[in-house]
Every structure is written in C-alpha cells, then in structure tokens.
Amino acid sequence: MSPSLSESLRIGLCPDRLIFARYSRGLRPRLIEKGALPFDAGIAEEPWRAALAALPKLVQAHAQRAADATVVLSNHFVRYALLGANDRLSSREEWLEYASHHFEKTYGVRARDWDIQVSESGAAHPRLASAIDKPLLAATAAAFENGRVRLRSIQTYLTIAFNRAVPSTGQASFWFVAQEPGRLLLGLVRGGLWQSVRARQTSVRWCEDLPRMLEREGALLASAEPCRDVLVSALDPVLPAASGGFRFAAPPSPLAGDERAYAMVCP
C-alpha cells in the first residue's frame with residue numbers, strides 16, 4: 001500500500017458539536033490535533049442542520065493543506081432496522097426494495113426521501129438496514145466542494161464502533177451497546193448475526209438505566225436463553241458496573257476517561 005500524500009481529517013457530526021481529529025500523511029499517520037466545536041442543537045425535524053452549518057468553519061480552521069476527509073454520522077442522524085431472513089430475495093436491488101418498504105411502513109411517506117443501505121449477508125440470515133436523510137448526505141458532500149479537503153467517505157458511528165469492538169469479544173452471544181450523549185443503540189448478536197437493534201433516548205444517568213433497558217429488550221425478544229454479556233462502546237467517560245445479572249465490558253481502546261469523547265474519530 002502506497003503512503004497517503006495528503007493529511008487526513010476525520011469529523012464526527014453530532015447534534016450539538018463537531019468532533020475532529022487530524023492525522024499526518026504517510027504509512028504511519030500520527031495524530032496532529034483533535035478537538036470539538038460545540039454549538040446549539042438543531043431542530044427536531046432536521047437535527048443535523050446545525051452540524052452542517054458549522055462544518056465549513058471547522059474545515060477552514062483545521063485543514064491548512066490538502067487533506068482527505070472522512071465524516072462519521074452520529075446515531076442520532078441514522079435510523080436502523082433489522083430485516084428478517086428472506087430466501088425469496090436474491091439481489092441487492094430486491095433487498096433495498098424490501099428495506100424501503102419496511103421503513104415506509106414504519107415511518108410513513110417521509111421515508112421516501114431517505115438514502116437506504118442494507119448490509120451484506122446470506123439469504124437465510126437477517127440483515128441490518130440503515131436510512132439517512134438524503135439532504136444530509138447532499139449537504140455534507142457540498143461542504144467539501146471547491147476546497148482543499150476532499151470528502152472520501154461518509155460512515156455511521158454504529159458501523160465504526162461495532163467493527164472495532166467485535167474482535168475483542170470471544171462470546172458467541174452478546175448485547176452490543178453504542179452510547180452517545182442522549183442516545184443508546186442496543187443490539188443483540190448471536191453467532192455473529194444481528195438478532196435485534198433498537199435506538200433509545202437516555203439521560204446522563206444512562207449507566208443506571210441500561211440494565212433495565214436490556215431487561216425490557218430481552219423480554220420483548222422472549223428468548224429461551226437470555227443473554228447477560230454486554231459489550232459497551234461509550235463516548236462518555238464512565239461505564240456501567242455489573243448490575244441486574246448483566247456483565248458489562250468495554251472493547252480495548254487507547255482512549256480512557258474524557259478522551260473517550262473522541263472515539264468517533266480516533267482509533
């Protein structure tokens with residue numbers, strides 16, 4: 001692999017702040033700087049508008065030379081759904097149509113203006129689908145037009161957090177929790193496959209609320225074998241202690257305490 005000729009800029013879009021980390025070019029990029037740009041949260045209908053309004057200011061201030069950018073979207077801005085296994089669907093287009101129907105049935109006609117993606121998996125396995133406002137994606141791309149910074153990819157925080165965390169667990173079954181201020185994403189994984197996924201609003205007392213939330217989710221699934229192992233990927237400095245029979249663990253990370261706030265943009 002040839003070394004990058006440009007610096008890289010990773011930016012996390014959240015409802016009330018932008019998080020960023022800038023890395024040097026080369027085969028072994030080093031962290032040059034990281035930080036956050038807070039602002040007043042946007043409106044409920046389009047909670048990403050405030051983040052997009054602040055994005056050009058951040059790029060101008062922290063990209064003094066050519067750079068490749070990756071934008072990471074908060075789970076506040078993404079809807080998720082688990083699609084059941086369906087051996088009648090054989091192509092990517094059929095799965096996308098299936099997902100579109102599911103989102104429109106759940107959220108109504110506004111889902112027609114969403115960009116929908118479906119994870120790859122076998123026909124006999126469930127698949128995770130995501131939906132993002134098309135204006136959000138268009139505005140993100142437009143923020144990097146005609147500048148020294150090139151937008152290389154837009155990713156979801158769930159994807160990043162899950163891919164980082166999973167290699168650290170040897171459990172066949174576990175709950176995966178992606179925590180951000182004000183939001184928890186709860187998913188049950190069995191045999192490497194998603195069995196459920198659900199977003200929940202929460203408060204600063206999320207560590208206390210989490211065992212009760214997991215208990216309710218487990219009851220809804222009515223599983224004969226309740227899962228008690230929980231892998232928590234958190235942006236907050238604190239992690240829940242064992243409670244309610246649940247065993248909580250965090251994936252290995254060089255970030256600890258307040259530094260966890262940068263997990264969206266730092267390895």
[X] side-chain N/O to [Y] backbone N/O, donor-acceptor pair under 3.5 Å:
X: N86; Y: R88; result: yes
X: Q179; Y: L235; result: yes
X: R164; Y: A263; result: yes
X: R260; Y: P237; result: yes
X: S233; Y: A161; result: no
X: T202; Y: L184; result: no
X: Q201; Y: G182; result: no
X: H125; Y: G84; result: no

Considering all heavy atoms, the nearest [X]-[Y] contact:
X: C14; Y: M264; result: SG-CE, 3.8 Å
X: S24; Y: P29; result: O-CB, 3.2 Å
X: G35; Y: Y262; result: O-CE2, 3.4 Å
X: F39; Y: A51; result: CZ-CA, 3.4 Å
X: P126; Y: S121; result: O-OG, 3.8 Å
X: S196; Y: L221; result: OG-CD1, 3.7 Å

request  = Could you tell me whether E33 atom CD has more than 12 heavy atoms of other residues or ligands within 6.0 Å of it?
outcome  = yes
query = Within a reach of under 6.0 Å around CG of N163, are more than 12 heavy atoms found that belong to other residues, nucleotides or ligands?
reply =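 Yes, CG of N163 has more than 12 neighbouring heavy atoms, counting only those of other groups under 6.0 Å.
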Full working for salt bridge (charged side-chain N to carboxylate O under 4.0 Å, His left out) between K134 and D113 = CA-CA 6 Å; K134 289 180 181 178; D113 198 31; 5.1 Å; no
Supply the atom-to-atom distance [X] [atom1] to [Y] [atom2], rounded to the nearest 0.5 angstrom.
X: S8; Y: R10; atom1: OG; atom2: CZ; answer: 7.5 Å
X: L136; Y: D115; atom1: CG; atom2: CG; answer: 9.5 Å
X: S130; Y: L158; atom1: OG; atom2: CG; answer: 9.0 Å
X: W48; Y: L137; atom1: CH2; atom2: CG; answer: 9.0 Å
X: F246; Y: M213; atom1: CZ; atom2: CE; answer: 12.0 Å
X: L186; Y: R216; atom1: CG; atom2: CZ; answer: 9.5 Å

Would you say [Y] ends up clustered with [X] if hydrophobic residues are merged whenever their side chains have heavy atoms under 4.5 Å apart, either directly or through other cluster members?
X: L9; Y: L18; value: yes
X: V197; Y: F77; value: yes
X: L73; Y: I11; value: yes
X: V177; Y: L82; value: no
X: L58; Y: V265; value: no

Taking the side chain as C-beta and beyond, is there a heavy-atom pair between [X] and [Y] under 4.5 Å?
X: V71; Y: Q155; result: no
X: P15; Y: S74; result: yes
X: F144; Y: L55; result: yes
X: R200; Y: R183; result: no
X: W206; Y: P240; result: yes

Between [X] and [Y]: side-chain donor-acceptor atoms closer than 3.5 Å:
X: Q117; Y: R92; result: yes
X: S90; Y: E94; result: yes
X: S173; Y: R190; result: yes

Row check, W95 ring normal vs R127 NZ/CZ: under 6.0 Å, within 45° =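 Pair R127/W95 counts as cation-pi.
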inquiry  = Working note: R49 + E46, criterion salt bridge (charged side-chain N to carboxylate O under 4.0 Å, His left out); need CA distance, chi angles, decisive distance, verdict.
reply    = CA-CA 6 Å; R49 284 289 181 190; E46 294 182 328; 2.8 Å; yes
query = To which residues is L31 joined in a hydrophobic cluster, defined by side-chain heavy-atom contacts under 4.5 Å among Ile, Leu, Val, Met, Phe, Trp and Tyr, whether direct or through other members?
reply = Y23
inquiry  = With side chain to side chain contact (heavy atoms under 4.5 Å, CB included) as the criterion, how do L13 and Y157 come out once you've worked through the C-alpha distance, each side chain's angles and the decisive distance to 0.1 Å?
reply    = CA-CA 10 Å; L13 267 63; Y157 176 50; over 6 Å; no
Does the pair [X]/[Y] count as a salt bridge with the N-to-O cut at 4.0 Å?
X: R150; Y: D68; result: yes
X: K34; Y: E259; result: yes
X: D133; Y: R79; result: yes

request  = Apply the test salt bridge (charged side-chain N to carboxylate O under 4.0 Å, His left out) to residues E7 and R25: give CA-CA distance (whole Å), side-chain angles for both, the deciding distance (0.1 Å), then the verdict.
outcome  = CA-CA 4 Å; E7 293 182 351; R25 57 190 179 183; over 6 Å; no
key: Candidate pair L231 and V189, rule side chain to side chain contact (heavy atoms under 4.5 Å, CB included), full reasoning   = CA-CA 10 Å; L231 191 60; V189 179; over 6 Å; no
message = Could you walk me through whether L37 and R17 satisfy the side chain to side chain contact (heavy atoms under 4.5 Å, CB included) test, starting with their C-alpha distance in whole Å, then the side-chain angles of each, then the deciding distance to 0.1 Å, before giving a yes or no?
response = CA-CA 5 Å; L37 176 63; R17 69 201 186 284; over 6 Å; no
inquiry  = Apply side chain to side chain contact (heavy atoms under 4.5 Å, CB included) to residues L52 and T140 and explain how you reach the verdict.
reply    = CA-CA 7 Å; L52 266 297; T140 301; 3.7 Å; yes
ask   = In a check of side-chain contact (heavy atoms from CB on, under 4.5 Å) between F174 and each of V166, L188, V230, which one passes?
value = V166
task = Go through the steps to decide whether R205 and E208 satisfy the test salt bridge (charged side-chain N to carboxylate O under 4.0 Å, His left out), and finish with yes or no.
result = CA-CA 6 Å; R205 300 168 63 91; E208 300 174 25; 2.6 Å; yes
ask   = Does the gap between the ring centers of F248 and W175 come in under 6.0 Å?
value = no
